[in-house]
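Throughout, a chain's letter reflects where its sequence line sits, starting with A, and its residues are numbered from 1.
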Amino acid sequence: MEPYEPLIGEHRVYIVDDDDSFRASLARLLSTAGMSPIPCRSVGDYLLVEHPDCPSCIVLDMLMPGPSGLELLASLAHQRDAPPVIFVTAFNDIPATVQAMKAGAMDSLTKPLDMERLLQSLQDAIARDARNRAARRELEQVQSRYSELTPCERDIYIGVVHGKLNKQMALKLGICERSIKSHRSNVMRKMRVSSVAGLVKTAKLLDVLSGTRDTQAVSQ
Amino acid sequence: MTGDFLNYASLIGIVLLVQLALVVIILTYDRRSHPQHSAEETHTARLALAGELTASIAHEIAQPLSAILNNVETAELILKGSPRAADPEALGPILADIKRDDLRANEVVIRLRALLRKRELKLEPIDINTLASSAVALVRADARHRQIQLRTELEPDLPPVSADPVHLQQVVLNLLVNAMDAMSRTPPPVRWLLLKTRLRAGSAVEVTVRDNGHGIDPAVASKLFDSFFTTKEGGMGLGLSIARSIVQAHGGTIWAERARGGGSAFTFRLPLPKRQRAARVGIPELTSPGG
């Protein structure tokens with residue numbers, strides 16, 4: 001196991017393939033290489049199996065009885081937290097590969113699998129999922145913090161991230177500058193940032209920089 | 001004069017009648033007689049059939065080969081981890097799986113070789129269910145590719161029939177491929193194909209391939225088994241014609257029906273050897289058990 005450093009931390013590799021020999025042999029290979037495979041013999045099995053909250057990816061066969069790999073891929077496209085998919089086809093089916101990549105597969109491999117390439121692809125996919133999960137968690141936190149702001153504080157939040165001075169905001173909102181300052185410090189506290197730069201970063205996540213003052217849409 | 005004329009007229013009339021009769025006889029004779037296909041033709045049709053199934057066969061071989069490669073890579077990883085003392089407990093199951101998958105790939109090759117071999121009809125006792133399962137195995141990947149559900153209903157313990165397995169397999173494959181082709185415009189969720197075997201009245205074995213496809217146009221029903229008649233784009237129109245020749249060479253019959261609820265059903269019936277027949281209807285005979 002020397003050439004392949006085991007992935008750091010908990011993860012899952014779902015192997016969705018109806019061929020018993022292939023699925024079992026790949027699961028065995030991945031366990032030996034220090035990974036945590038979950039064999040699933042159909043799309044239905046994949047959907048029913050437990051999905052722990054850890055970086056994952058799916059090694060997906062194209063043709064299976066019941067829903068096909070492409071159909072699973074299409075339904076995953078609607079899910080925000082879907083893990084990356086590595087497509088596997090039995091023979092070099094170019095139209096199917098193109099379809100799979102268009103449908104959002106991260107990579108496409110042909111059987112028999114080249115182990116180096118597969119392990120590299122799996123590591124990339126899991127790393128990407130780890131990043132995606134971290135980004136989603138951060139966004140959720142920022143969203144929940146933002147939702148705690150009062151309407152007035154939201155106005156000030158938008159003003160600050162657009163570089164407005166306290167004086168300008170006081171004039172526009174018709175409240176005194178002292179109140180603006182107090183609201184502003186509340187905004188910083190509630191958003192858990194210590195600088196305007198930090199606040200702008202959260203605004204970027206919430207995607208309110210380019211938009212108008214449509215604060216309602218932001219909180220959704 | 002008038003008498004001469006009448007004589008001539010009746011003579012011409014008779015000649016015309018005889019000619020007409022001849023033409024009718026020739027025409028109907030030609031239509032009724034089923035041209036026997038040469039071994040060459042039959043073999044060519046079989047090659048074409050194999051060609052149609054190439055993707056399916058490649059898939060059936062690639063699957064076990066991929067599994068073998070995975071297992072070999074695993075074994076190598078294990079050996080790299082502990083080169084001195086490779087754990088027999090870890091390697092044992094891997095080797096067993098490699099062996100199993102190797103045999104599985106080899107079986108496909110054997111089936112394929114049988115399909116491609118050129119030979120004259122050679123009768124031997126065969127189990128029709130084994131033959132049916134082997135044909136189904138060859139088209140399975142193709143069926144999956146076309147999103148067709150493949151079902152079999154095989155009557156257990158069928159008596160062996162006297163047949164040429166290669167030629168008969170060609171018939172079954174042909175019916176399966178036709179059935180799949182007929183469903184190209186059927187919506188995928190209701191694409192299914194049923195291969196059924198059964199014993200008829202203790203004296204014959206029947207194999208039916210039923211699909212849920214476009215069915216048989218009544219206008220062409222009578223021509224289905226004619227040479228060079230085809231409804232497929234790019235089809236040769238030899239498959240069913242040769243299938244009929246093969247079935248007839250076995251003393252059997254083949255026919256097509258419009259199936260209830262849509263689609264069509266193609267059935268061929270092969271007579272059981274006399275000895276089998278007697279054994280089936282319960283006449284005591286001094287035969288070895290299981291014969």
Side-chain angles (χ1 to χ4, degrees), chain A residues 1-6 13 15 17-35 37 39 41-43 59 61-71 74 87-97 99 109-120 122, chain B residues 53-83 86-87 89-105 107-108 137 140-151 188-189 191-193:
Chain A
M1 278 131 280
E2 196 197 358
Y4 305 101
E5 289 169 28
V13 178
I15 303 170
D17 195 309
D18 66 313
D19 191 273
D20 295 340
S21 310
F22 182 80
R23 192 178 59 247
S25 65
L26 185 58
R28 183 188 275 151
L29 174 61
L30 295 187
S31 320
T32 310
M35 294 186 158
R41 72 182 320 228
S42 68
V43 169
V59 178
D61 186 27
M62 180 80 70
L63 296 163
M64 281 171 284
S68 73
L70 274 178
E71 282 168 314
F87 237 82
V88 171
T89 49
F91 35 91
N92 212 349
D93 189 344
I94 291 173
T97 306
Q99 235 179 324
L109 303 174
T110 311
K111 288 181 194 175
L113 299 173
D114 180 279
M115 189 178 63
E116 304 262 345
R117 182 142 181 241
L118 171 71
L119 293 182
Q120 189 57 56
L122 285 174
Chain B
L53 295 172
T54 304
S56 183
I57 292 163
H59 182 263
E60 287 302 305
I61 297 177
Q63 288 288 29
L65 289 185
S66 312
I68 289 173
L69 188 62
N70 287 342
N71 275 319
V72 170
E73 302 271 22
T74 308
E76 277 183 355
L77 278 182
I78 291 174
L79 290 175
K80 256 182 217 161
S82 52
D87 185 3
E89 267 181 43
L91 290 179
I94 295 178
L95 291 177
D97 281 358
I98 290 175
K99 196 167 161 186
R100 187 199 57 209
D101 288 325
D102 185 290
L103 290 174
R104 182 178 150 201
E107 255 171 51
V108 181
R140 191 175 291 131
D142 200 12
R144 198 158 21 149
H145 199 79
R146 307 195 203 192
Q147 295 175 281
I148 295 169
Q149 213 192 329
L150 210 55
R151 300 203 310 246
R191 280 183 198 167
W192 55 262
L193 190 164

Interface check, chain B: of A:Leu30, A:Leu113, A:Asp18, most non-hydrogen pairs under 4.5 Å belong to A:Asp18
Taking only residues two or more places apart in sequence or in another chain, which ones pass side chain to side chain donor-acceptor pair (under 3.5 Å) with B:Glu73? none
With a 4.0 Å cut-off on N to O distance, would you call A:Asp20 and B:Arg104 a salt bridge? no
Which residues share a salt bridge (charged side-chain N to carboxylate O under 4.0 Å, His left out) with B:Arg151, sequence neighbours left out: none
How long is the gap from CD1 on B:Ile78 to OG1 on A:Thr32, to the nearest 0.5 Å? 4.5 Å
Chain A contact via B:Pro93 - which portion, at a heavy-atom distance below 4.5 Å: both
Give the member of B:Ile68, B:Leu65, B:Leu69, B:Ile94 that has the highest number of heavy-atom pairs under 4.5 Å with chain A. B:Ile94
Hey, what do you get for CE (A:Met115) to OG1 (B:Thr74), rounding to the nearest 0.5 Å? 8.0 Å
Name the region of A:Met64, side chain, backbone, both or neither, that has any atom closer than 4.5 Å to a heavy atom of chain B. backbone
Heavy-atom check, side chain of A:Ser21 versus side chain of B:Arg100, under 4.5 Å: yes
Between A:Ala24, A:Pro112, A:Ser25, who has the most heavy-atom pairs with chain B when the cutoff is under 4.5 Å? A:Ser25
